[in-house]
Number of protein chains: 4
Amino acid sequence: MTRAPNPDRRRDASRKATLAAALELCVERGYAAVTVDAIATRAGVSKATIYRWWPAKSAIVLEAVDEAAPIPETFPDTGDLASDLHAWLSGILGVFHDPRLGPAFTGVLAESQLDANLAHQLRERLINHRVAQLDERMTKARKNSELAPDADLEVALDILHSPIYRRQVLHYPLPDDAYLTRLIALVMRAIGPTRAD
Amino acid sequence: MTRAPNPDRRRDASRKATLAAALELCVERGYAAVTVDAIATRAGVSKATIYRWWPAKSAIVLEAVDEAAPIPETFPDTGDLASDLHAWLSGILGVFHDPRLGPAFTGVLAESQLDANLAHQLRERLINHRVAQLDERMTKARKNSELAPDADLEVALDILHSPIYRRQVLHYPLPDDAYLTRLIALVMRAIGPTRAD
Amino acid sequence: MTRAPNPDRRRDASRKATLAAALELCVERGYAAVTVDAIATRAGVSKATIYRWWPAKSAIVLEAVDEAAPIPETFPDTGDLASDLHAWLSGILGVFHDPRLGPAFTGVLAESQLDANLAHQLRERLINHRVAQLDERMTKARKNSELAPDADLEVALDILHSPIYRRQVLHYPLPDDAYLTRLIALVMRAIGPTRAD
Amino acid sequence: MTRAPNPDRRRDASRKATLAAALELCVERGYAAVTVDAIATRAGVSKATIYRWWPAKSAIVLEAVDEAAPIPETFPDTGDLASDLHAWLSGILGVFHDPRLGPAFTGVLAESQLDANLAHQLRERLINHRVAQLDERMTKARKNSELAPDADLEVALDILHSPIYRRQVLHYPLPDDAYLTRLIALVMRAIGPTRAD
DNA sequence: GCTTAAGCGAGACGGTACGTCGCGTCTTTCT
DNA sequence: AGAAAGACGCGACGTACCGTCTCGCTTAAGC
């Protein structure tokens, strides 16, 4: 039984070096080809130290992505919902296209599918609070009559995000701006303010 | 260079045993924990034979899923588009819930995300022709004024499928019937013929 | 370069606890399975402290054995050389059979074989002065005509001790009393005074 | 549970390369500093293969020494027992002094002390049958009146071998020719033909 | 009695070897 | 020639110990 280590005594330099090395290696070799050994060597950190603080490669990369992710966790609010949504979704796509984060994030996403625990971490650290913001904005919009009073926000929200994942998983090209515009248009047509004006 | 083997002399019993073993093991241990060695042992087939005919575990499982998948490749056409869509999407979800296929399919899907080639195979063998059918049905519906003449079918199609994938990847619960109903309602509101103004 | 520590300020409780822990662990797990970490934990002493005062596990155990060894460093002299030798050799065997010291001593002995420095320490601290006593006694005996005047004491001494080591190394059963008697008889026949011709 | 491998299918080249590498590395670095990894690398053999056939480094080195040991398993018989013994013991010492075998044999010997199983192997493969020969020769000599009829051969045999081990363990210089002569002289004086001629 | 420098317990760390596992290739023998 | 059996080289895994280190805390000597 290896006792739990004391986080207070953790050396932050090793932690940072590990996360940085993980991201770099994902870029250079692709997530699947990255090994914990390679991360340790690149970071100048011992494997024991890595395993002391992370259970697996996926956890390292997840934390690295979380830490390095462009922070926009607050939803834009320009008053124009459609364009706010566009900006928001563009932001999400930005992570996939980011040369430094894309390969890493893709890898974690793939592994999440086979690892319920990792998926849980991923949702907690990267997804849920951002989605909550979107939800809030939409709810407010519905109150403000920017949306139909009976708009099914839950489904709408799902719809807005989901195509990114399907395309990512099946290696279809990710949505571009034009696609986003059409997507948002379709959704607004379904849940926009009742056309009875 | 090992010459390509002659498929005519291939022993079909070995092929079937391999595919069956692959599916069983995915059920028992989960896709990630299945190894080619285990498949070979379970199937009573030599590893050399397996590698003669498949490049990797993922290819075996993909073929096994393809072969065992409930075949409904033809789109239902009851005249009621909404209910046809519901049936169709239920069918897709059936593969995920199928106790024999679910774990295997999930695994291939996950690995596809990291392997462009596998994703290509997956689309070719399991996805594209089915989507084409859906596309055809929708196009016909638009012609028949079951849908708005300017309905953005490409996006609509995407939207209908995508939530399954997002939920699958992030380990959210998969859509149930109620959700499908709401999803289809939303889409129909956007592209349905209603706009009788 | 870490400066040499000041022995005056050394905490004796830590030293004793370390030596005791080392012996206990040798008994419980066998010398080979004892680790410095385990000694430190058991003794409630930090590893830094251990390495401040000892270079390695072997040195700790050697010191522990030295300290705990039944002290009979003075050679018995009852006038009967044969029985004195018997008593003496029994004493040596006692260390091997001592439940508290045996495993530890065995371990140090084994490691000595691969570590010239440790062997040197071992001879200095545990062996040489005792052998010197035996030597002295034998020389006196030769002077007193208890032994032949031309007795080859160096070889005789060697012979008396050596079987213990050979048996120890090769895991033959250690000499028992009967064996000692025969051994001493043989030696006395070779170097005893008998040759009254 | 890894099933036992089939020795018939074993690749002899790998076996030989492993044994050779083990011996070389013992010479270059000393037994203690040799690692299984290093043996594998030097031999161009995988670690898995090594562990398939040997349980530990010590077993490899033991087998290597056994295989490479100068074969004289037959006891010389020139009619002159003393000189035969001298030749025999010189032969044993030769293994310790052999630049190719010495370090390896020393290492196995040391480790035997801590590993009853290894000691058993060592006795079986290298020691017992040779000692049996010596025993036979001595018994014959006693019958032929080259030795006293009541000579205690068991002890005598022990005595002849043992000093080598004691000196080896404690890093005293190994016996040289002069010492052997004196040792044999002493033993012969004890068990030689009764001086009443 | 106050400072200060050492010893100390705790335990994280970089390193290195361990013994195992899975991959994809190969060799042998049988059919 | 295809296949079953399974040994092999490779390389990553996750663990264990080593000996060093950094951190506060204690503790005694010198002011």
Side-chain angles (χ1 to χ4, degrees), chain A residues 2-11 13-15 33-38 40-41 43-53 55-57, chain B residues 2-3 5-11 13-15 33-38 40-41 43-57, chain C residues 2-3 5-11 13-14 17 33-38 40-41 43-57, chain D residues 2-11 13-15 33-38 40-41 43-53 55-57:
Chain A
T2 352
R3 281 211 342 290
N6 177 352
D8 291 344
R9 313 198 47 178
R10 182 169 190 182
R11 191 176 305 177
S14 297
R15 182 178 160 279
V34 173
T35 68
V36 176
D37 275 287
T41 303
V45 148
S46 88
K47 274 205 293 175
T49 298
I50 289 185
Y51 282 108
R52 200 177 349 256
W53 301 109
K57 171 178 76 163
Chain B
T2 358
R3 285 219 333 292
N6 177 354
D8 291 344
R9 309 200 48 175
R10 182 172 190 181
R11 191 176 304 176
S14 296
R15 180 177 162 280
V34 173
T35 68
V36 175
D37 280 271
T41 302
V45 146
S46 103
K47 281 207 291 173
T49 301
I50 289 185
Y51 281 108
R52 207 187 330 267
W53 301 109
W54 293 281
K57 172 178 76 162
Chain C
T2 358
R3 284 218 332 293
N6 177 354
D8 290 344
R9 309 198 50 176
R10 182 171 190 182
R11 190 176 304 177
S14 296
V34 173
T35 69
V36 175
D37 279 273
T41 303
V45 146
S46 100
K47 280 206 292 173
T49 301
I50 289 185
Y51 282 107
R52 204 183 338 261
W53 300 110
W54 293 280
K57 171 178 76 162
Chain D
T2 353
R3 279 214 341 291
N6 177 352
D8 291 345
R9 312 200 46 177
R10 182 170 190 183
R11 191 176 305 177
S14 296
R15 182 178 160 279
V34 174
T35 68
V36 175
D37 275 286
T41 302
V45 147
S46 88
K47 275 205 292 176
T49 298
I50 289 185
Y51 282 108
R52 207 188 329 267
W53 301 110
K57 171 178 78 162

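Every value quoted in this text rests on a predicted model; they were computed, and no experiment measured them. Chain identifiers are assigned alphabetically (A, B, ...) following the order of the sequence lines, protein sequences preceding nucleic acid strands; residue numbering begins at 1 within each chain.
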5' to 3', nucleotides 24-31 of chain F under a 4.0 Å protein heavy-atom cut-off (B base, S sugar-phosphate only, - none) gives ---B----
Touch class at under 4.0 angstrom, heavy-atom based, for C:R10 against every strand present: sugar-phosphate
Base, sugar-phosphate or nothing for C:A48? Non-hydrogen atoms, less than 4.0 Å. base
Determine whether a donor-acceptor pair (N or O, by modelled atom type, separation under 3.5 Å) exists between the side chain of A:T49 and the backbone of A:V45. no
Indicate yes or no for a side-chain donor-acceptor contact from C:K47 to the backbone of C:V36 under 3.5 Å, with no hydrogens or angles considered. no
Write down the distance between [atom1] ([X]) and [atom2] ([N]), rounded to a whole number of angstrom.
X	N	atom1	atom2	value
A:I50	E:dA12	CD1	C1'	14 Å
C:D37	F:dG19	CG	P	10 Å
C:Y51	E:dG7	OH	P	18 Å
B:N6	F:dA1	CG	P	10 Å
D:R52	F:dC8	CZ	P	5 Å
C:D8	E:dC8	CG	P	12 Å

Of A:P7 and C:P7, the one whose closest DNA chain E nucleotide lies more 5': C:P7
Relative to the 5' end of DNA chain E, which residue comes earlier, D:P55 or B:A56, by the nucleotide with the nearest heavy atom? D:P55
A side-chain contact here means heavy atoms from C-beta on lying under 4.5 Å apart; do B:W53 and B:R15 qualify? no
Is C:K47 side chain donor-acceptor paired with the E:dG9 base, going by distance under 3.5 Å alone? no
So, OP1 or OP2 of [N]: does either fall under 4.0 Å of a side-chain N or O from [X]?
X	N	result
A:W53	E:dA12	no
C:S14	E:dG9	yes
C:T49	E:dG9	yes
A:T35	F:dG11	no

Starting from the C-alpha separation in whole Å, work towards a yes-or-no answer on side chain to side chain contact (heavy atoms under 4.5 Å, CB included) for C:V34 and C:K57. CA-CA 8 Å; C:V34 173; C:K57 171 178 76 162; 4.2 Å; yes
If you only use heavy atoms from C-beta on, which nucleotide in E:dG19, E:dC23, F:dA4 is closest to the side chain of D:V36? E:dG19
Inter-residue atom distance B:R52.CZ - B:S46.OG, 0.5 Å rounding: 6.5 Å
